[in-house]
Protein chains: 2
Amino acid sequence: MSTENYKKTVIPEKVVARLPLYRRIVRNCLNNKIKVISSEELAEAAMVNSATVRRDFTFLGSLGVRGSGYDVEVLDRAISQKLGAHNTWPVLIAGAGNLGRALTNSPGFNANGFFVVGLFDIDPGVIGAKVGDLKVEDMSALSRRVTGLRNPIGVIATPPAAAEATVNLMIEAGILSILNFAPILLRTDESVRVRNVDLSLELEILAFYLNQT
Amino acid sequence: MSTENYKKTVIPEKVVARLPLYRRIVRNCLNNKIKVISSEELAEAAMVNSATVRRDFTFLGSLGVRGSGYDVEVLDRAISQKLGAHNTWPVLIAGAGNLGRALTNSPGFNANGFFVVGLFDIDPGVIGAKVGDLKVEDMSALSRRVTGLRNPIGVIATPPAAAEATVNLMIEAGILSILNFAPILLRTDESVRVRNVDLSLELEILAFYLNQT
DNA sequence: ACATGTGAACGCCTTCACAGCA
DNA sequence: TGCTGTGAAGGCGTTCACATGT
């Protein structure tokens, strides 16, 4: 009855962020007909410490076999279950520039339950263009597109100046999870989960270390 | 004579990663003719704690004025100096798909000392195409392009299967700093600094939390 | 014998709270 | 007075080291 019971049900974000990586490695094993993998081997492949691997997996339950290792099929199922692979995640992308088109065609955005269902722009010169199997739609069609979708995810791939308006449009449409590629911190109420990806940040970090030498 | 003296010269990576954000905010102040900013205001804009802001800035020196705040021009100069803005960083992008083209045209890759000097591909159907001011070159031209450049940064925007070969090509050409967008962990010797950006990772994290509810 | 699962230690980062200074 | 700069505390994530279990 104490809160102790729930200790293992709250997975730290750092651990969540490693799960997709573990899954990639485990699936690679499946393809190579490898049945069992040790925390040591997995750690080597994921470039982390083996204790980190073992502790991470305790959040998925007690999956290993002492003296042997982890069954890769069991691991794949356990990880995928936590990442919600039994679900589907419709993705709507705002901004049909090169980045929006790259994401639309990206394997990562069309696997593991994700699939891009709409690509939107405000530029009449781009609307109607084909990108993969999709046609670029007018931004005003986004709201209509969202209705009826479960768990829609919005992606902001617009120029920075348009990001604020876009996020408001998405929220009005009922999107509660947003991935933002614009270099702007979006202010939303806390029911909306926003994650920011800064494409040039890592470049600036590299430059910092080059500057150090 | 003790190592204590060097304490403040080693800037933690977490702090480095916040510097570009602070700089954006500070430059915004400059544009709006705001002369002074407090740690509280900056913290609000950067969505961090004000103590974090103040501690971060101690790594740049003692820049503030007690009772008043930070001079935005002083801040801009101090941050830019640490990020090496007096230097220039030629960027070479491997892979002229949508992502490579997006990065080539991206403001973040053509500001603050960064400029894309080459875009390379192996697909003859793409080689020769114009992207912004650049023409896509054959991958074999990359090595030639690097010679004579100081502090070149390589960007891998190829399909995953080509990433391994591309990184080897870059290292042979003398590139020591690499930004990798392929969902593959690259193994290099430790003289090469590799940073990985996983475009779909944040999507998977969003999905995890959607799955929780 | 061997690899997992985990208590305990460690180190890093964040935050509080206040001394120090304009 | 008001805000910076920072010692100290707190919290989180990683790693060690070994007890546990097959």
Side-chain angles (χ1 to χ4, degrees), chain A residues 3-19 21-22 25-26 29 34-75 78-79 82 201 205 208, chain B residues 3-19 21-22 25-26 29 34-75 78-79 82 201 205 208:
Chain A
T3 54
E4 300 307 274
N5 299 342
Y6 297 96
K7 220 172 26 177
K8 288 203 179 169
T9 66
V10 180
I11 306 186
E13 190 176 307
K14 282 282 180 75
V15 177
V16 172
R18 281 190 292 265
L19 292 183
L21 173 58
Y22 293 144
I25 295 163
V26 161
C29 290
I34 296 166
K35 291 281 189 192
V36 175
I37 189 168
S38 68
S39 62
E40 199 66 58
E41 292 165 321
L42 233 158
E44 213 275 324
M47 289 178 167
V48 296
N49 185 285
S50 67
T52 298
V53 171
R54 291 196 297 278
R55 195 173 290 282
D56 286 353
F57 287 170
T58 63
F59 291 102
L60 310 179
S62 201
L63 311 164
V65 181
R66 286 166 201 248
S68 159
Y70 297 88
D71 183 302
V72 293
E73 270 190 46
V74 170
L75 268 188
I79 297 171
K82 279 290 175 200
L201 178 60
I205 296 173
F208 170 84
Chain B
T3 55
E4 301 308 275
N5 298 343
Y6 297 96
K7 222 172 27 177
K8 288 201 177 170
T9 65
V10 179
I11 306 186
E13 191 176 305
K14 283 282 179 76
V15 177
V16 173
R18 280 190 292 266
L19 293 182
L21 173 59
Y22 294 143
I25 295 162
V26 161
C29 290
I34 297 165
K35 292 281 190 193
V36 175
I37 189 168
S38 69
S39 62
E40 199 65 59
E41 292 166 321
L42 234 159
E44 213 275 324
M47 290 178 168
V48 297
N49 184 286
S50 67
T52 298
V53 172
R54 292 195 297 279
R55 195 173 290 281
D56 285 354
F57 287 170
T58 63
F59 292 102
L60 311 179
S62 201
L63 312 163
V65 181
R66 286 163 202 251
S68 159
Y70 298 88
D71 183 302
V72 294
E73 269 190 48
V74 170
L75 267 188
I79 296 171
K82 278 291 175 198
L201 178 60
I205 295 173
F208 171 83

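Throughout, protein chains are lettered first and strands after them, A, B, ... in sequence-line order, and every chain is numbered starting at 1. All values below come from the heavy atoms of this structure, side chains included, with hydrogens, waters and symmetry mates left out.
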Within the 4.0 Å heavy-atom criterion, would you say [X] contacts the bases, only the backbone, or no part of the nucleic acid?
| X | result |
| --- | --- |
| B:Gly64 | sugar-phosphate |
| B:Ser62 | sugar-phosphate |
| B:Phe57 | nothing |

Separation of [N] [atom2] from [X] [atom1] (nearest whole Å):
| X | N | atom1 | atom2 | answer |
| --- | --- | --- | --- | --- |
| A:Asp71 | C:dT4 | CG | C1' | 14 Å |
| A:Asp56 | C:dG5 | CG | C1' | 13 Å |
| A:Phe59 | D:dC12 | CZ | C1' | 11 Å |
| A:Leu60 | C:dG5 | CG | P | 10 Å |
| A:Tyr70 | D:dT22 | OH | P | 14 Å |
| A:Leu75 | C:dT4 | CG | P | 10 Å |
| A:Glu13 | D:dT14 | CD | P | 12 Å |
| A:Glu40 | D:dT15 | CD | P | 12 Å |

Among [options], which is the nearest nucleotide to the side chain of [X]?
| X | options | result |
| --- | --- | --- |
| B:Ala51 | C:dG5, C:dC16, C:dT14 | C:dC16 |
| A:Thr58 | C:dG5, C:dC16, C:dA22 | C:dG5 |
| A:Arg18 | D:dT14, D:dG5, D:dT15 | D:dT14 |
| B:Ser38 | D:dC3, D:dT6, D:dC16 | D:dC3 |

*Start at the 5' end of DNA chain D and walk down; is the nucleotide closest to A:Val65 or to A:Thr52 reached first?*
A:Thr52
*asked:* Assuming nearest nucleotide by heavy-atom distance, tell me which of A:Pro12 and A:Arg54 is located more 5' along DNA chain D.
replied: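 In this pair, the answer is A:Pro12.
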*Within less than 4.0 Å of OP1 or OP2 of D:dC3, is there a side-chain N or O belonging to B:Ser39?*
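So the side-chain polar atoms of B:Ser39 never come under 4.0 Å of the phosphate oxygens OP1 or OP2 of D:dC3.
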_Spatial distance of atom CZ (A:Phe57) from atom CZ (A:Arg18) [nearest 0.5 Å]_ =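 Answer rounded to 0.5 Å: 10.0 Å.
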*What about A:Arg66, does its side chain sit under 3.5 Å from the base of D:dT22 through a donor-acceptor pair?*
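No, no donor-acceptor pair under 3.5 Å.
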*Please state whether the base of C:dT14 and the side chain of B:Arg55 form at least one donor-acceptor pair under 3.5 Å?*
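Between C:dT14 and B:Arg55, which were checked side chain against base, a qualifying N/O pair under 3.5 Å is absent.
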Compare every heavy atom of [Y] with every heavy atom of [X], then report the nearest pair and how far apart it is.
| X | Y | value |
| --- | --- | --- |
| A:Leu201 | B:Ala17 | CD1-O, 3.4 Å |
| B:Tyr70 | B:Leu63 | CD2-C, 4.0 Å |
| B:Thr58 | B:Arg55 | OG1-O, 2.5 Å |

*With A:Val15, which of A:Val10, A:Asp56, A:Thr52 fulfils side-chain contact (heavy atoms from CB on, under 4.5 Å)?*
A:Asp56
